[in-house]
Amino acid sequence: MKITALLLVAALVAQSAPPQDSATFDPDGTAHITRVIPAPTTVSSEAQKWLDSLNQQKVGPPESLVERRTHTDAWRKMDSSEARKFYPVNVEETTTAGVRTDIITPLDRAASTRVLINLHGGGFNSDSGSLIEGVPIANLAKIKVVSVYYRLAPENPFPAAVDDVVAVYKELLKSYEPKRIGIFGTSAGAILSAEVAVKLKQLGLPLPAALGIFSGLADFSRPSDSRQIFALNGLPGRMEPVDPNHLPDDQYVGKTDRRDPVLSPIFADLHGMPPTLLITSTRDLLLSGTATLHRAFLNAGVDAQLIVFEGLTHAFWNDPNLPETKEAHEDMARFFDRELGR
């Protein structure tokens with residue numbers, strides 16, 4: 001009996017033992033990895049709690065497009081209201097060049113000779129950040145922000161969104177010098193910011209004074225490394241790995257050649273692009289895409305700066321309660337205040 005009990009205890013201990021680090025590789029280089037990753041102590045206590053809250057979220061079935069838009073609209077309204085508590089501004093709903101826009105202005109309107117175009121995130125099929133992204137920068141940089149509600153996929157695939165932003169930019173050129181205009185966005189909006197800059201160059205239009213590419217990518221033809229490692233919430237959440245030999249249909253790409261230089265600016269001539277600030281984080285599924293675009297800018301002689309935050313996930317700066325969010329917003333505001341002419 002004593003031997004049986006010992007064996008039972010040993011078996012229970014073995015079953016409860018944590019997994020061990022391991023890595024095996026297929027002949028084609030595909031990796032099968034197990035890693036034990038402690039919670040980061042290199043981020044703020046608020047960020048640690050936030051990351052833990054993401055770990056506790058249950059992964060449900062994939063959302064329909066209607067469900068996704070309903071979810072992101074509700075989240076955007078809630079967090080936009082929260083952002084305005086931290087960063088008071090004036091917001092006016094209007095249209096610019098026939099495109100729906102929000103005009104976000106600092107309470108002090110003294111800096112009216114400068115303007116930023118903000119392009120929201122949301123995977124090109126919903127709006128997950130219009131006011132959330134524009135409000136803090138308008139407040140901190142004291143610069144007017146025009147937040148653009150570009151047309152969404154799947155109803156309006158590429159290049160509809162690019163065309164909308166180009167139309168808004170051309171309208172702003174009637175009132176602002178190019179050296180006093182900037183373009184920025186997060187996630188889908190970051191991707192769109194680079195695409196619009198390439199399109200403006202193709203059209204022979206004067207380029208803006210600065211770009212802000214905050215967690216983006218510039219290549220729809222190949223899945224990046226971080227895209228295969230992280231989910232939207234970093235380590236937890238629904239993983240959607242991509243077979244590089246059989247790319248799935250993309251509702252934004254539509255029937256466009258994935259190596260089209262506007263759709264995928266990594267294939268464009270990037271010489272002469274304006275000074276650019278790129279921001280990402282080490283658990284961002286678009287970390288690789290952002291870093292790769294940064295290198296492409298540097299190779300083209302562009303004045304480009306990359307900031308990588310520790311331990312955080314995709315577009316963490318949309319949560320106004322994190323100290324790291326405050327730091328990121330201040331980085332963005334300083335960059336635009338410096339680069340846009342006065």
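Considering every non-hydrogen atom in both Leu140 and Ala333, the closest pair reads CB-CB, 3.6 Å. Shortest non-hydrogen contact noted between Glu195 and Phe220 is OE2-CE1, 3.7 Å. Shown here for Asn139 and Pro88, the closest heavy-atom pair between the two residues is ND2-O, 3.0 Å. Nearest heavy-atom pair, Ala209 versus Lys179, reported as atom, atom and distance to 0.1 Å: CB-O, 3.2 Å. Shortest non-hydrogen contact noted between Gln202 and Pro261 is NE2-CG, 3.9 Å. Nearest heavy-atom pair, Ala231 versus Pro236, reported as atom, atom and distance to 0.1 Å: CB-O, 3.3 Å.
In terms of modelled atom types and a separation under 3.5 Å, the side chain of Ser224 and the main chain of Arg222 share no donor-acceptor contact. A donor-acceptor distance shorter than 3.5 angstrom exists from the side chain of Ser226 to the backbone of Ser288, with no hydrogens or angles considered. Checking side-chain atoms of Asn125 against main-chain N and O of Ala153 turns up no donor-acceptor pair under 3.5 Å. With hydrogens and angles ignored, the 3.5 Å screen pairs a side-chain donor or acceptor of His294 with a backbone N or O of Ala304. The backbone N or O of Arg69 lies less than 3.5 Å from a partner atom in the side chain of Thr72, making a donor-acceptor pair. Remark: the backbone N or O of Gly234 is not paired with any side-chain donor or acceptor of Thr313 at under 3.5 angstrom. Looking only at distances, no side-chain donor or acceptor of Ser81 sits under 3.5 Å from a matching main-chain atom of Met78. Checking side-chain atoms of Ser147 against main-chain N and O of Leu131 turns up no donor-acceptor pair under 3.5 Å. Remark: side-chain polar atoms of Lys170 are not paired, donor with acceptor, to backbone N or O of Leu205 under 3.5 angstrom. In terms of modelled atom types and a separation under 3.5 Å, the side chain of Gln48 and the main chain of Val43 share a donor-acceptor contact.
Checking Tyr169 against Lys199 by side-chain atom types alone, no donor-acceptor pair falls below 3.5 Å. A side-chain N or O of Gln56 and one of Asp52 form a donor-acceptor pair less than 3.5 Å apart. No hydrogens or angles considered: a donor-acceptor pair under 3.5 Å links the side chains of Ser187 and His314. In this model, a donor atom of one side chain and an acceptor atom of the other lie less than 3.5 Å apart for Asp284 and Thr280.
Clustering ILVMFWY residues whenever any of their side-chain heavy atoms sit less than 4.5 angstrom apart, transitively, puts Leu172 in the very cluster that holds Leu203. Side-chain heavy atoms closer than 4.5 Å link hydrophobic residues (I, L, V, M, F, W, Y) into clusters, and following such links, even through other members, never connects Leu247 to Ile229. Clustering ILVMFWY residues whenever any of their side-chain heavy atoms sit less than 4.5 angstrom apart, transitively, puts Phe267 in a cluster other than the one holding Leu263. No continuous path of hydrophobic side-chain contacts links Leu211 to Ile266 [ILVMFWY only; heavy atoms under 4.5 Å]. Hydrophobic clustering keeps Leu298 apart from Ile307 (ILVMFWY residues linked when any side-chain heavy atoms are closer than 4.5 Å, directly or through intermediates).
Note on ring orientation: taking the six-membered ring where Trp is involved, the planes of Tyr150 and His120 are parallel (angle under 30°, cut-offs 30° and 60°). Ring geometry, Phe184 versus Phe336: the interplanar angle falls from 30° to 60°, so the pair is classed tilted.
Inter-residue side-chain proximity for Tyr176 and Lys144 is flagged as met; some heavy-atom pair is nearer than 4.5 Å. Looking at Glu324 and Glu310, their side chains never come closer than 4.5 Å, going by heavy atoms from C-beta outward. Residues Phe214 and Leu277 are in side-chain contact: their nearest non-hydrogen atoms beyond the backbone lie under 4.5 Å apart. Annotation: side chain of Val198 is in contact with side chain of Leu270 (closest heavy-atom distance under 4.5 Å). No side-chain heavy atom of Asn118 sits under 4.5 Å from any side-chain heavy atom of Ile137. Under the 4.5 Å side-chain criterion, counting only non-hydrogen atoms from C-beta, Phe297 is in contact with Met273. Put simply, the side chain of Pro178 reaches to within 4.5 Å of the side chain of Leu173, judged on heavy atoms.
The only option from Asp102, Val145, Thr105 that meets the side-chain contact (heavy atoms from CB on, under 4.5 Å) definition with Val91 turns out to be Asp102.
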Check against side chain to side chain contact (heavy atoms under 4.5 Å, CB included), Thr325 and Asn321: CA-CA 7 Å; Thr325 292; Asn321 297 292; over 6 Å; no

Step-by-step side chain to side chain contact (heavy atoms under 4.5 Å, CB included) determination, Trp317 to Met332: CA-CA 11 Å; Trp317 45 84; Met332 298 172 189; 4.0 Å; yes

Intermediate values then yes/no, side chain to side chain contact (heavy atoms under 4.5 Å, CB included), Phe335 and Asp331: CA-CA 6 Å; Phe335 169 74; Asp331 290 335; over 6 Å; no

Candidate pair Leu278 and Leu293, rule side chain to side chain contact (heavy atoms under 4.5 Å, CB included), full reasoning: CA-CA 9 Å; Leu278 304 97; Leu293 179 56; 4.2 Å; yes

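Here Asp337 pairs with Arg114 in a salt bridge; the nearest charged N to carboxylate O distance falls below 4.0 Å. Salt bridge Lys49/Glu46: absent, no basic N to carboxylate O contact under 4.0 Å.
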Considering only distance and modelled atom types, tabulate donor-acceptor pairs under 3.5 Å from the side chains of residues 92-101, sequence neighbours left out.
{"unit_1": "Thr96", "atom_1": "OG1", "unit_2": "Thr101", "atom_2": "OG1", "d": "2.9"}

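Other residues, nucleotides and ligands contribute only 12 or fewer heavy atoms inside 6.0 Å of the CG atom of Asp249.
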